[in-house]
There are 2 protein chains.
Amino acid sequence: MDVRCHAERVVLPTSPPETVACCAPLVRQPLGAADAVALARTLKAVADPARLRLLSLVAAHDGGEACVCDLVDALDLSQPTVSHHLRVLVEAGLLTREKRGVWAYYALVPAALNALAAVLTAPAGGARSRSAC
Amino acid sequence: MDVRCHAERVVLPTSPPETVACCAPLVRQPLGAADAVALARTLKAVADPARLRLLSLVAAHDGGEACVCDLVDALDLSQPTVSHHLRVLVEAGLLTREKRGVWAYYALVPAALNALAAVLTAPAGGARSRSAC
DNA sequence: CGTCAACATCGACGTCCGTGGATGTCCGGT
DNA sequence: ACCGGACATCCACGGACGTCGATGTTGACG
């Protein structure tokens, strides 16, 4: 499950997990329709207040993982709603789920977040930037 | 007493005074509800295929700016829809609008995109990373 | 084996969002 | 002054999304 460069491949709507859009600088060249849909799908997973707080809570938790009960307690949402958001984040490849006993522990996938950040990064001052992946 | 998980660990300090989406790495500390809403609002502006393509087209265009007619021609959307998306992007601070004569030229705001990217950036392998805000 | 707790799934409801056609506004040209 | 083109705004419709209550599944424990 590595996040490699040059992923021109686009997956079907019934996407397998962890299909994070790789380094497509967004400001280098106009991205195609299919790539835009794929990128938007991942960004939509992050573009929600509850999901942002979940990512933040999981990342800031001890050991970099947290169980659902902790998250339900931290947010003002019902347990099914929290489970739904966690599912969305896992399907987007941003979180991993590991069940230990009765509890389900969620952990961050830093590479996925960094891939998103890399796509959004724009050349602040200069015109052309390095194309190193 | 029953063993209800370990829900006494989380503190939930409400929202810190700072509400700016400056360097708040998202993985450093749990972000408050208000900050999450603000961040999500900006991310929602980007989490759309048409808007992503618009950003890409504008950035890759000559001079870093493009008029609406170019964008309507590039995408398969009606002119009102393109105007709507451009409006969303301008209100999110990601594009600027300058009207010259009959045409309206849109240009990218690199700092805005970079701010988003900075928030999403996670410590890939390391643990702690400090950054002066 | 029965019970309880943790978590996921299902069904439903209200709301927001993307889209296009019709229309309005502004500017330049003849 | 009239007309045509470039954009913006308005309105309405269909689909997607966030939320919760109810229910199902699984594992631990007496």
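By convention in this document, chain letters (A, B, ...) are assigned in the order of the sequence lines, proteins followed by strands, and residues within each chain are numbered from 1. The shown structure was predicted, so the numbers you read here are calculated from the model rather than taken from an experiment.
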Rounded to the nearest Å, what distance is computed from the [atom1] atom of residue [X] to the [atom2] atom of nucleotide [N]?
{"X": "B:His84", "N": "C:dG21", "atom1": "NE2", "atom2": "P", "value": "16 Å"}
{"X": "B:Leu86", "N": "C:dT19", "atom1": "CG", "atom2": "C1'", "value": "15 Å"}
{"X": "A:Leu71", "N": "C:dA8", "atom1": "CG", "atom2": "C1'", "value": "15 Å"}
{"X": "A:Arg100", "N": "C:dC7", "atom1": "CZ", "atom2": "C1'", "value": "15 Å"}
{"X": "B:Trp103", "N": "D:dC7", "atom1": "CH2", "atom2": "C1'", "value": "12 Å"}
{"X": "A:Lys44", "N": "C:dG18", "atom1": "NZ", "atom2": "C1'", "value": "9 Å"}
{"X": "B:Arg41", "N": "C:dC17", "atom1": "CZ", "atom2": "C1'", "value": "15 Å"}
{"X": "A:Arg97", "N": "C:dA6", "atom1": "CZ", "atom2": "P", "value": "16 Å"}

Review point. What nucleotide among C:dA22, D:dC7, C:dG18 has an atom nearest to a side-chain atom of B:Pro80?
Key: C:dA22

Point to revise | Among C:dT19, C:dC7, D:dC7, the one nearest B:Ala50 by side-chain distance | key: C:dT19

**Study point:** Distance below 4.0 Å between A:Thr81 side-chain N/O and D:dC20 OP1 or OP2
**Key:** yes

Review point. Do any side-chain nitrogens or oxygens of A:Ser83 fall under 4.0 Å of OP1 or OP2 in C:dA8?
Key: yes

Can you find a pair of side-chain heavy atoms, one from [X] and one from [Y], that are under 4.5 Å apart?
{"X": "A:Arg53", "Y": "B:Leu31", "answer": "yes"}
{"X": "A:Tyr106", "Y": "A:Leu54", "answer": "no"}
{"X": "A:Leu95", "Y": "A:Val109", "answer": "no"}

Exercise for review: Give the cluster check for B:Val90 versus B:Leu43: same hydrophobic cluster or not, with ILVMFWY residues linked at side-chain heavy-atom distances below 4.5 Å.
Suggested key: yes

Touch class at under 4.0 angstrom, heavy-atom based, for [X] against every strand present:
{"X": "B:Leu77", "answer": "sugar-phosphate"}
{"X": "A:Arg51", "answer": "sugar-phosphate"}
{"X": "A:Tyr106", "answer": "sugar-phosphate"}
{"X": "A:His85", "answer": "sugar-phosphate"}

Point to revise | First of B:Asp70 and A:Val88 reached from the 5' end of DNA chain D, by closest nucleotide | key: B:Asp70

Point to revise | Residue whose closest nucleotide on DNA chain C lies nearer the 5' end, A:Arg87 versus A:Val102 | key: A:Val102

Check your understanding: Would you call A:Glu65 and A:Arg97 a salt bridge, taking side-chain N to carboxylate O under 4.0 Å as the test?
Key -> no

Check your understanding: Any donor-acceptor pair under 3.5 Å joining the side chain of B:Gln79 to the base of D:dA8?
Key -> yes

